[in-house]
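Computed over heavy atoms, backbone and side chain alike; hydrogens, waters and symmetry mates excluded.
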Amino acid sequence: MAIPIAILDCDLLLYGRGQRTLDRFDIETVSDEFLLTNFGFPREFIYYLVEMLGDTLSRPTQRSRAISPDVQILAALGFYTSGSFQTRMGDAIGISQASMSRCVANVTKALVEKASQFIGFTQDEATQQQCRDEFYRVAGVPNVLGVVDCVHIAIKAPNAEDLSYVNRKGFHSINCQLVCDPRGLLLSAETHWPGGLQDTAIFQQSTVSRLFEEQVHHDGWLLGDNKYPLKKWLMTPLQYPETPAEYRYNMAHTATHEIIDRTYRALQTRFRCLDGSKGYLQYSPEKCANIILACCVLHNVSLQTGLDAWTFERTETPDQPDEGCEQMDSMDPEAFRIRQELILNHFS
């Protein structure tokens with residue numbers, strides 16, 4: 001009896017090519033230039049990922065021709081860094097486009113499961129002090145523990161036509177709240193918020209806000225732009241500076257806060273799947289959120305293994321939807337006093 005073609009695995013349809021290339025593809029046989037060009041990372045980093053994710057990606061399967069962890073990782077890196085399931089990418093490692101999609105799903109899930117290990121605020125005082133020192137060397141703002149901002153990643157319209165994902169510029173997006181340290185290491189990455197939600201609303205509901213609000217004693221603060229509310233632990237620029245000290249504070253704040261913009265530009269450039277100018281992510285919002293988070297994990301893993309955050313930084317500023325203006329300082333008198341004291345002691 002004939003077997004309906006619809007139930008056949010795409011790799012089996014390509015059995016001759018697939019069997020040969022899967023058996024013979026060996027990362028050891030290709031050049032460093034080939035790996036960087038096609039997958040965006042050097043050989044040693046790819047080996048590190050195979051070691052880190054190998055057990056998770058080697059789950060038991062009924063398929064006699066299961067794809068090895070290293071090939072799955074290469075397929076996912078190829079997608080993250082190019083943003084497409086191009087046939088040539090699958091040809092390079094001997095798998096079909098359908099298998100490429102499955103590999104991306106598997107590796108994305110494995111990376112998301114590792115997110116808490118690689119993204120988070122440290123409790124180590126020595127590390128926190130080093131962070132404050134490095135931020136201070138940027139422009140003279142003391143006691144900074146991180147810089148925060150939101151960025152939009154373009155996605156396809158959800159099947160339900162959920163208008164909550166339509167941002168102010170009229171396209172569907174995920175609004176991601178990121179916090180980073182002076183090196184561009186992500187301390188927080190919340191990648192699941194609908195694009196129609198304003199930055200201030202995300203901030204109020206975020207784990208970062210809860211984390212700092214629950215602290216009784218604050219040994220430092222975050223820096224946010226004028227979309228964010230001024231708080232005892234969140235310093236914002238003055239909307240209408242008047243004195244030379246206030247102007248100096250605003251300039252120093254801007255120079256320091258710009259690190260989060262550089263970090264996002266580096267992420268977008270290294271992971272072209274996040275670059276809206278190359279097309280939007282063609283998945284459900286939940287899957288898009290996981291892909292974005294997986295890229296954030298890879299970004300941190302690469303930094304922690306010695307790669308430079310700014311190696312692939314784009315020079316132009318990404319086009320982001322405009323948000324509202326500064327919150328009223330009078331809403332938190334104590335925060336206003338702390339900011340004025342900061343300006344008086346360090347910028348007068």
Taking only Lys NZ, Arg NE, NH1 and NH2, and the carboxylate oxygens of Asp or Glu, determine whether E213 and R210 approach each other closer than 4.0 Å. no
Check R43 with D32, please: is the shortest side-chain N to carboxylate O separation under 4.0 Å? yes
[X] side chain vs [Y] backbone, donor-acceptor pair below 3.5 Å:
X    : Y    : result
R339 : T236 : yes
H253 : R248 : no
R270 : C295 : no
E51  : Y47  : no
S302 : H299 : yes
Q177 : D199 : no
W221 : P142 : yes
D70  : V50  : no
N300 : L186 : yes
T263 : I259 : yes

Mind checking whether [X] and [Y] have side chains closer than 4.5 Å, heavy atoms only?
X    : Y    : answer
L234 : F203 : yes
M235 : I338 : yes
V30  : N38  : no

Count the heavy atoms of every other residue, nucleotide or ligand shown that sit under 6.0 Å from CE of M52, and state whether that count exceeds 12. yes
Hey, do the aromatic rings of F121 and F212 have their centres closer than 6.0 Å? yes
For residues 187-195, dump all side-chain donor-acceptor pairs below 3.5 Å to protein atoms at least two apart in sequence or in another chain.
residue	atom	partner	partner atom	Å
E190	OE1	W193	NE1	3.1
E190	OE2	T207	N	2.9
E190	OE2	T207	OG1	2.6
T191	OG1	A289	O	2.9

Quick one: closest heavy-atom pair of V104 and A76, and the distance? CG2-CA, 3.9 Å
Is there a path from Y249 to Y136 through hydrophobic residues (I, L, V, M, F, W, Y) whose side chains come within less than 4.5 Å of each other? no
Among pairs that include at least one residue of residues 237-247, which meet salt bridge (Lys or Arg N to Asp or Glu O under 4.0 Å), considering only residues two or more places apart or in two chains? none
